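Values below: all heavy atoms of this structure, side chains included; hydrogens, waters and symmetry mates excluded. Counting convention: from 1, in listed order, for ligands and their atoms alike. Nothing here was measured: the structure is a model prediction, and the numbers come from that model.
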Amino acid sequence: MPTEMEHITEHLPGWLEESRHAASEGKVADYIPELAHAPADALGCTLIDTNGNTVTAGDCSLSFTMQSISKVFTLLLALMDRGEERVFNHVGMEPSGDDYNSMLKLELVEPGKPFNPLINAGAIAITALIKGDSTDEQFTRIRDFFRTIAGNPDIDYNHGVYTSEQQTAHRNRSLAYFLKDNDVLSDDTEVEDVLDVYFRQCALEVNCEQLARMGMVLANGGFDLVTGQELIPYRYVQIAKTFMVTCGMYNASGEFAIQAGIPAKSGVSGGILALVPGRYGIGVIGPSLNRKGNSTAGLHLLQKLSAQYNWSIF
Ligand code: GLU
């Protein structure tokens, strides 16, 4: 009887090719112009288990920017920097029910605080909480934290994608000014400075294996797989995983919880970070997105894997 990992190793390439067709149902994001160059029909997946065994299939050598996936890890760093109470003075704990870049509720619902840290407004508020005497120091601390979690000292941001977002981010700019007016960003916070760190954070570039390693640290309760060192306190991992389930897949998080039932976070580059608690870290890339902003082929593959191996945590 093969182990689950051996079974996955044998079948992942075939299932991945079956899922690839779903790419034609979506479209590559182009509101950040540089993202539009990504290959629409690419699909790659890496899975790492708690013994460090790795399975990869498809277009795993493709590098991509983390975009919204980064929000999970800046939330963790903000919690480690400032503690729960301070963080949740600035963002809420609820799904918004609106698009990730909506500003509707900031005006509609008192006290104008973002509903959660995974929508853009919430993530910008979180980035502002990262410790550092300058924007460079804040970003360097974020980048170094990501390097530690991914176990890779070379992770850095993609300048082309950063500049492309920087020059076109009219909506994020308006969100951030709204936050400042609502006192979610403090008086001494410069809106353009926070945005600069946020754009660089979103442009941090990874591949499927690095993403799977980051997922593995969360699956492993915050502990480094190799050294056994605690990288993130368990309580904060618990908070991050909960947000991934309730808000990680945009406005389709409820549907994904029913169809796959595992913590996951997607980004507009088509990346998805997923994990099976205590068992696997998973990195997926499939740049073609559905209307809700999730990778069409990536969703297809994760739902297949979860159903096949009964991964749902519910
Ligand atoms: N940098 C992107 C933005 O702020 C991230 C969005 C996403 O991946 O959901 O629009």
Taking atom 10 (O) of ligand 1 as the reference point, the nearest protein heavy atom with its distance: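 Looking only at protein heavy atoms, the one closest to atom 10 (O) of ligand 1 is Tyr31 OH, 2.5 Å.
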
Nearest protein heavy atom with distance in Å, relative to atom 7 (C) of ligand 1: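 Looking only at protein heavy atoms, the one closest to atom 7 (C) of ligand 1 is Ser68 OG, 2.6 Å.
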
Could you list which atoms of ligand 1 come closer than 4.0 Å to a heavy atom of [X]?
| X | answer |
| --- | --- |
| Val268 | 6 (C), 7 (C), 8 (O), 9 (O) |
| Gly267 | 8 (O) |
| Cys202 | 1 (N) |
| Tyr250 | 7 (C), 8 (O), 9 (O) |
| Asn172 | 3 (C), 4 (O), 10 (O) |

Geometric cation-pi criterion Lys241 and Tyr236, 6.0 Å radius, 45° cone: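 The answer is no, since Lys241 fails at least one limit relative to Tyr236.
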
Residue of the set Thr140, Asp156, Asp136, Thr127 for which side chain to side chain donor-acceptor pair (under 3.5 Å) holds with Arg200: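 So the option named by the test is Asp136.
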
Candidate pair Ser70 and Gln201, rule side-chain hydrogen bond (donor to acceptor under 3.5 Å, both in side chains), full reasoning: CA-CA 7 Å; Ser70 67; Gln201 154 204 326; 3.2 Å; yes

Nearest-option assignment for atom 4 (O) of ligand 1, heavy atoms, candidates Tyr100, Phe199, Tyr198: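 Ranked by closest heavy atom to atom 4 (O) of ligand 1, first place is Tyr198.
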
Nearest option to atom 3 (C) of ligand 1, as decided by whichever heavy atom of Glu165, Arg171, Lys265, Gln67 sits closest: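 It is Glu165 that holds the nearest heavy atom.
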
Sub-4.0 Å heavy-atom approach of Asn101 to ligand 1: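 Judged by the 4.0 Å heavy-atom criterion, Asn101 does not count as contacting ligand 1.
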
Full working for side-chain contact (heavy atoms from CB on, under 4.5 Å) between Thr246 and Ser253: CA-CA 6 Å; Thr246 56; Ser253 299; 6.0 Å; no

Single-linkage hydrophobic cluster Leu305~Leu218, side-chain heavy atoms < 4.5 angstrom: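 Each belongs to a different hydrophobic cluster.
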
Contact (N/O only, under 3.5 Å) between Ser266 and ligand 1: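 Min N/O separation from ligand 1 is not below 3.5 Å for Ser266.
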
Plane angle bin for Phe199 and Tyr162 - parallel if under 30°, tilted between 30 and 60°, otherwise perpendicular: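 Answer is tilted, since the angle falls between 30° and 60°.
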
Aromatic contact, His159 with Tyr157 (centres under 6.0 Å):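 Yes, ring centres under 6.0 Å apart.
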
